[in-house]
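I have placed the structure first, in the form of structure tokens, so that the comments after it can refer back to it.
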Amino acid sequence: MVFQTHEFSANFDLENLRRFLERLKERRDIVLETDQLVEFAAQTAYDDEREIASKGRIKGKSVAFTFRVFMDDIDAPDVYVFSRNMAFIETLTSELHAFWEELGI
């Protein structure tokens, strides 16, 4: 059986990464380990790439994902989320567009 993996990616200032992850809970009922994910991103060295497996909840249901960070700019990582749950990835993408619009980006 082949499972398709879906991808979300964006570049964030570390402050905006935290705000975005917290916003997911408030607006989309997605609960993630925000402190752990932000800390992981913040501890990624410049020009390094690393990833961790994590779990969250979307509308009460468990979702597994891989969280990858590439620190190509100091304090502004590229963030990638990979999951088999397409609805999770689509929700992240949709909320990112709303977040950027509010920030005027």
Side-chain angles (χ1 to χ4, degrees):
M1 181 182 275
V2 176
F3 293 103
Q4 185 173 0
T5 302
H6 307 281
E7 176 184 344
F8 164 85
S9 62
N11 178 269
F12 292 96
D13 291 338
L14 285 173
E15 176 184 317
N16 283 338
L17 175 59
R18 175 174 296 283
R19 288 175 54 200
F20 177 72
L21 295 175
E22 289 171 348
R23 173 188 179 100
L24 292 171
K25 182 177 180 183
E26 297 164 7
R27 296 173 51 114
R28 300 295 184 126
D29 197 19
I30 295 177
V31 180
L32 304 173
E33 294 291 334
T34 299
D35 290 339
Q36 177 191 28
L37 298 174
V38 171
E39 176 92 5
F40 181 82
Q43 290 181 355
T44 302
Y46 173 72
D47 207 28
D48 195 10
E49 180 176 32
R50 55 195 200 126
E51 67 183 36
I52 58 171
S54 191
K55 290 187 179 180
R57 299 192 71 72
I58 179 170
K59 299 184 180 181
K61 295 183 180 178
S62 183
V63 62
F65 63 94
T66 300
F67 184 79
R68 182 180 298 163
V69 175
F70 175 56
M71 191 64 78
D72 65 339
D73 188 4
I74 297 173
D75 295 330
D78 290 335
V79 172
Y80 304 85
V81 176
F82 302 95
S83 178
R84 293 180 185 156
N85 186 320
M86 186 167 55
F88 174 62
I89 298 300
E90 287 175 342
T91 302
L92 295 180
T93 301
S94 176
E95 192 56 37
L96 179 65
H97 292 296
F99 183 62
W100 280 346
E101 187 173 314
E102 288 177 20
L103 292 177
I105 296 175

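No side-chain heavy atom of Phe67 sits under 4.5 Å from any side-chain heavy atom of Leu32. Side-chain contact between Arg18 and Leu37 is absent, with no heavy atoms from C-beta onward closer than 4.5 Å.
Taking CZ of Arg84 as the start and NE2 of His6 as the end, the distance is 10.0 Å to the nearest 0.5 Å. The CD atom of Glu22 sits 14.0 Å away from atom CD1 of Ile30, with the distance rounded to the nearest 0.5 Å. Summarising the geometry, atom NE2 belonging to His97 is positioned 11.0 Å from atom CG belonging to Leu92; distances are rounded to the nearest 0.5 Å. Glu7 contributes atom CD, which lies 9.5 Å from atom OG1 of Thr93 (distance to the nearest 0.5 angstrom). Taking CD from Gln36 and CG from Leu21, the interatomic distance works out to 11.0 Å, rounded to the nearest 0.5 Å.
Remark: Glu33 CD is loosely packed, at most 12 non-hydrogen atoms of other residues, nucleotides or ligands lying under 6.0 Å away.
A side-chain donor-acceptor contact under 3.5 Å links Thr91 to the backbone of Ala87. The backbone N or O of Phe40 sits less than 3.5 Å from a side-chain atom of Arg50, completing a donor-acceptor pair. A donor-acceptor pair under 3.5 Å links the side-chain atoms of Ser83 to the main chain of Ala64, judged by distance alone.
Closest heavy-atom contact between Leu96 and Ser9: CD2-O, 4.3 Å. Across every non-hydrogen atom of Leu17 and Ala41, the tightest pair is CD2-CB, 3.8 Å. Taking each heavy atom of Asp72 and Tyr46 in turn, the nearest pair found is O-CE1, 3.4 Å. Scanning both residues, Asn85 and Phe88, for their nearest heavy atoms gives OD1-N, 2.9 Å. In terms of heavy atoms, Phe20 sits closest to Glu95 at CE1-C, 3.8 Å. When all heavy atoms of Phe70 and Asp47 are compared, the closest pair comes out as CZ-OD1, 3.8 Å.
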Q: Take Glu102 and Arg23, measure what salt bridge (Lys or Arg N to Asp or Glu O under 4.0 Å) needs, and give me the verdict at the end.
A: CA-CA 12 Å; Glu102 288 177 20; Arg23 173 188 179 100; 2.9 Å; yes
Q: Start with the C-alpha gap between Phe65 and Ile89, add the side-chain angles, then the distance that decides, and say whether side-chain contact (heavy atoms from CB on, under 4.5 Å) holds.
A: CA-CA 10 Å; Phe65 63 94; Ile89 298 300; over 6 Å; no
(Q) As a quick check of understanding, evaluate salt bridge (Lys or Arg N to Asp or Glu O under 4.0 Å) for Asp29 and Arg57, giving each step before the final call. (A) CA-CA 8 Å; Asp29 197 19; Arg57 299 192 71 72; over 6 Å; no
Q) Under the side-chain contact (heavy atoms from CB on, under 4.5 Å) criterion, do Glu51 and Tyr80 qualify, and how do the steps go? A) CA-CA 9 Å; Glu51 67 183 36; Tyr80 304 85; over 6 Å; no
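The aromatic rings of Phe8 and Phe12 sit tilted, their planes meeting at an angle between 30° and 60°.
Under the 4.0 Å criterion applied to side-chain N and carboxylate O atoms, Asp78 and Arg68 are not assigned as salt-bridge partners.
Following chains of ILVMFWY side-chain contacts shorter than 4.5 Å, one cannot reach Phe82 starting from Ile52, and the two form parts of different hydrophobic clusters. Tracing side-chain contacts under 4.5 Å through hydrophobic residues (I, L, V, M, F, W, Y), one never reaches Met71 starting from Val79; they form parts of separate clusters.
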